[in-house]
Every structure is written in C-alpha cells, then in structure tokens.
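Protein chains get the first letters and strands the later ones, always in sequence-line order, with residue 1 at the start of each. Values reported hereafter were calculated over all heavy atoms of this structure, with side chains retained and with hydrogens, waters and symmetry mates removed.
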Amino acid sequence: MSRSMEKIVALCKRRGFIFQNSEIYGGQNGFWDYGPLGTELKRNVRDCWYRDMVSGHNELVAPKTAPAKYQMVGVETALIMNPQVWKCSGHYDLFHDMMVDCRESKSRFRLDQIRCRWVSFKDATVKQDDTGTELSKVMVTSTAEDFHEDMTSEALRVFGQKKKYADKLQWDGAATTLDKVDVSEFATVVAPGASKAGTLTAPREFNLMMKTIIGALGTDDDAAYLRPETAQGIFVNFKNVVDSSRVKLPFGICQVGKSFRNEITPRNFTFRSREFEQMEIEFFCRPDESAGWYKYWRDTRFQWYQDLGVSKDRLLLRDHHADELAHYSVGTADIEYAFPFLDAGEYGELEGVAHRGDFDLRSHMEGKLTKNAAGELEVELNEDGKPKHRGSGKDLTYFDDQAKERFLPHVIEPSAGADRATLAFICEAYHEDQQPDENGVLQERLVMKFHPRLAPVKAAVFPLIKKEGMPEKAAEIFGALKAAGLSCQFDQQGAIGRRYRRQDEIGTPYCITVDGDTLTDGTVTIRDRDSLQQDRIPADRIVEEVLSRLNS
RNA sequence: GCGGAUGUAGCUCAGUGGUAGAGCACCACGUUGCCAACGUGGCUGUCGAGGGUUCGACUCCCUUCAUCCGCUCCA
C-alpha cells in the first residue's frame, strides 16, 4: 500500500473515522467499523445522496439536462428475501460455483469450465503427483475456447511427445466438463498446464452469497441468503410501489442499505469489504426513451461527486466495451476514482450506471433468463424442458394511460457504494500543507478538506483563554449552534493554535473564537479552514452565519 | 485459496533467553491573549491470540488471527 494510503488509514484510526472490526479479538477479515467522526461523515454522504437524488428532487420541473420531468421515491427492504428472488435474478447460479485449485500451478478453476477427455499414447506415461505411479491413461484438460486443439497439445506435452505425433494420440470417449467427472478419478486428471496428474484439490463450493438459516430448528432446507445487492428489493416491490404511490413513468425507486458478499480477497482498506452499504436507484422508463435517460443518469451521477468536492482529475467516467457488458446489459458505465492505493493510471469503481433493459422485471415475471444462440434473452430451461428457476408469474407490466399501452419498463441502474464514496471523500480531503506559526515560520499542517456538507463537525468553538468569562460566553455560542442541529465541538484545551490544528485534522470548516473583544463589543472571530482567513461578526449572528456558509 | 513480510503504549518505532523503553499524543495545574510541539506533574501495555520448549519466553518452536505485498478471484 502506498505511503499516502498508510497515512490516511492511520488518521482514520487515530481520529475515530474507521476502525478494524472486532479489533480487540484480532479483527475480522473484510469487516470495518465507523467511529464517532466516521459515523457522522458517512451519514452525511448518505444524506447528501438521498437529498440530492430523492427528497430534494422537484418532480414538477425537469432538470436542465434531463429528457423530461420525473418522480423519485424511496423504499427500505429487508436484508433477507425469499431465496427464489436470487434464483431468478441469476445470483444463485452465478454465486454457487464449484471450484478446484491446482496444487502445482496454484491457480483456481471453475469446475464446469474445465473441459476434459481421456487419452493415452502408446507406451508413454504420466507421473501421478502423490504416489509417483506412472499412468498410461490420463484425463487431459483445457479451459481454452478451442479446447480440442488445446487438449491435443496438452496431451502431447504431458506425454513428452512432439507435435507431429498428434494423430497417434488415442482418445477415449467424448470431451466433457470436469463437473461430470467423479472425484475419485481426479488422481488421473492433469490440470491445465500441470506436469503431473492428480494435482487438483477436491471441488469446493464457492459461495459468494452469505448463507444463513431461518428458524430455530433450521436445517439446510431453511437456508436463506443475506442480500448481495439492494436492487432486487426494489424490483420485487415494483408493483407494490406503482399500485400504492401514484407514481407515473418515468420514475425512480431508491434504496440505501447494507449488502453482503463473501469476497475472496477483501483488500485495500474499506474498498472491498464483505459487508458494505449501497445507494441504489432503479429508474424505470419507456423502452424508447431509455437511451436518453441512461445518458442523463450517467452524467448526473458523475457530476454529483464533483459537486461534493472530488477533483475531476481523479475521477473517470468509463464506458464499458461491448464484450465487457454483463449478459443482460445494453450499456454500462463506471464512475471510478484514482484511489491512492492504486498504481498511477489505475482507477477503482465508485459506482456503476447500467442500462439493464427489462431484464430484471422480466426475470421476476417469467423466471431466470439466459441468452440464446441468437443473442436473445429467454427463460433458461432444465433437462426436462421446464424453467430452471420459475419466476413469480405476476404481471409486472406497466400501463401507460396516456398512450394506452401496456409494456415492461426499461431500467437504468445507478448503483453507488456508500463506503467507497466515503473512502474517496476521505482520500480526496487528505492534505498536507504548510502554514506559518506565530513566528512566521512554516510548519507542517495536516488538514482534511471535506466539503462543508460532508464535514463530520461543522464548527468548533473556543474561548481564547480559560478566564475572564470567555469559557461561559463560548459555551453559550456552542449551545446555540447545537440547538440549530449542527455537529459542533467545544475546546478550551491548550494553545489556540493547537486547537485550530486539531480541528483542521478532522476537517472542521469553521472555528469560532471568543476573545477579549467579545466581552466589550459582542463580536467573535470565525476562521475558515482552507484560507485561514478570520472575520469578525456579532456573536448573536453566529448561527445564521455558519448556516449560510454551509449552504453556499 | 497459495507464497512472502509484519504484529511491542492512542500513534511512530527501539529492545534483549533474566523485572518492558523513547518521542509524540492524551490528562491536570500553571503560563499564554489568534495558528502545533513553554514549565511542572500524571496516565498508558495480558509485547496480536493459543499452545509448546525452558528454572525462566516479548525473544526459540508450532498453531491460529489480522494487516501489507505478489499471484488468483472480482459476480
């Protein structure tokens, strides 16, 4: 991790932004706790998002860049849902891969993606890993697209034969995939690239959804999953919201909440955690208008980070290439940030904005969808020709009473990570600069330049010295700010300069100091964190002054 | 999951098979009247956790947890 990131992590702990979870017991990999200041900061991130996207949105006026006016509403759905939700959404199949590891190459494979076939070559043999037995017939494997050719070269390689003898290989049976092969035969399987047979471990379920049990006598039949994303709670409530809230297309349903994924490698501080918070919008619109809305949300969300102080230099709006798109997606863009733990030129995802077509609503109507040979989505069938995962069968179409049409809306999904956004704001705020001390000599200063809307503490109040009634007057001002609902700190400890520095380090935008003049003319100074400029204003106007600066 | 490194006070780090240290931070009192480290005094540790070797382990060995780096993975 880069030196600057280490400093940021150290600051987060030292000042109470972010702690390692269960730290006194040695921690828990992939989980993090927010301390007093981090809690304030993250709540400000959530509040800004909800206010800017939902509660503060004026549905009577189309924003300048929007194709039309639209409505926004919120929901808060349970962390645990009927398991069928995940079967239809595709998460269940995708998140239940059987994996094997190769002990020799240290690489991991999905069992159903390894092609394999029995082969022998005259008198040549292949050594077996554990026992050292020489095997005359082994199963070769391939993960290549053109697996027939790849298996041929693998077979020649392990038998130590030249390319020209390819036609001397004796194949036995048809090529299949490794998930169809009994584990007892793994000792004869040569893993891709391996020099010996039998280097694969027994297959293990790799469950990326967190499993839990419902009911006190829970058995495996009562398994349920903590949601791996908040979006499905919105889709399954689509009909409820339409029926109960008088919303008309186009409109968005939003949700902020926790999600859980068994990340293989939690890494990079809070960036990849196993428990994390999402801020998601599912925006429903007419299919023929979806392209315009996709562009609108992409640009709107990109701008949001900049409005809260993230420099455009470290932000990237990256459109996915066609071959990078998920199978359901018509178009996807990532909003990415140049986190300090990444190499120069690399970016980490803050938010994905995806055009999902009607994939999600249709899945919950008809059942799990898959792409057919023609590239069209259709319900995935099992061996019996029945749907692999049956949908709800409920009609989730929308009736447009202006156009007198019934159709399945298309969806634009801006899906943001609250913890990732919080981390980006922390990284972005971190500054080391130099400011003159009382003798005019430059001194190092550590300052968190949070946008005032995000700052965990909005103002600090100091009596210049601890006597002559200054603490009492300062306490009065502190009380007034608190009564206005502002997060504030009171500090009379140590030299005034040190107190300013303490506040700089936690990103407090304004410091108010009661001094000798306050007692005679009733004015106090208000100091700006970034410019260090001080203005004298009447003490009884301090609340409105702070509020107006916060909102400017 | 694999390999390597690391784990000592709130932070940054010394340390030795024989009773645990420094600087900073923090707290109290004093001083100070607007940009940190002035004076005096004070607090702080199951040396990551568990087990073993030893008369004795922070130190040596094993296990485990966490963090960092590389590989793998990234829906």
Base orientation of B:G50, chi within 90° of 0 counted as syn, else anti, reads anti
Give [X] one of three labels, base, sugar-phosphate or nothing, depending on what nucleic acid heavy atoms sit under 4.0 Å from its own.
X: A:Gln20; value: sugar-phosphate
X: A:Arg527; value: base
X: A:Gln534; value: base
X: A:Asp515; value: base

Side-chain H-bond candidate by donor/acceptor type, A:Glu229 with A:Gln278, under 3.5 Å: no
Side chain of [X], heavy atoms from C-beta onward: which of [options] has the nearest atom to it?
X: A:Gln493; options: B:C34, B:C26, B:C27; answer: B:C27
X: A:Ala10; options: B:U67, B:U12, B:C34; answer: B:U12
X: A:Ile465; options: B:C11, B:C69, B:U32; answer: B:U32

*asked:* Is the shortest side-chain heavy-atom distance between A:Phe425 and A:Tyr305 below 4.5 Å?
replied: yes
query = Side-chain contact, heavy-atom cut-off 4.5 Å: A:Phe269 with A:Cys12?
reply = yes
Taking the same atom, [atom1], in [N] and in [M], what whole-Å distance lies between them?
N: B:C65; M: B:U40; atom1: P; value: 49 Å
N: B:C2; M: B:G45; atom1: P; value: 37 Å
N: B:U72; M: B:A14; atom1: C1'; value: 38 Å
N: B:G51; M: B:C11; atom1: P; value: 25 Å
N: B:U46; M: B:G42; atom1: P; value: 22 Å

Please give, in whole Å, the distance from [N] [atom2] to [X] [atom1]?
X: A:Arg14; N: B:C26; atom1: CZ; atom2: C1'; value: 13 Å
X: A:Tyr500; N: B:C35; atom1: OH; atom2: P; value: 8 Å
X: A:Leu446; N: B:A37; atom1: CG; atom2: P; value: 17 Å
X: A:Arg502; N: B:C27; atom1: CZ; atom2: C1'; value: 11 Å

Can you tell me if the side-chain N/O atoms of [X] get under 4.0 Å from OP1 or OP2 in [N]?
X: A:Asn29; N: B:U67; value: yes
X: A:Arg501; N: B:A36; value: yes
X: A:Lys13; N: B:G10; value: no

Margin query: Looking at the base of B:C74, is there any donor atom on it, or on the side chain of A:Arg272, that sits under 3.5 Å from an acceptor on the other one?
Written below: yes
The single option from A:Arg356, A:Arg301, A:Arg298 that satisfies salt bridge (charged side-chain N to carboxylate O under 4.0 Å, His left out) with A:Glu413 is A:Arg356
- Expected output: side-chain A:Lys458 to main-chain A:Pro452 donor-acceptor under 3.5 Å: yes
Could you check whether any side-chain N or O of A:Glu282 sits under 3.5 Å from a backbone N or O of A:Cys254, counting only pairs where one atom can act as donor and the other as acceptor? no
Assign each of A:Asp528 and A:Gly30 the nucleotide of RNA chain B bearing its closest heavy atom; nearer the 5' end lies the nucleotide of A:Asp528
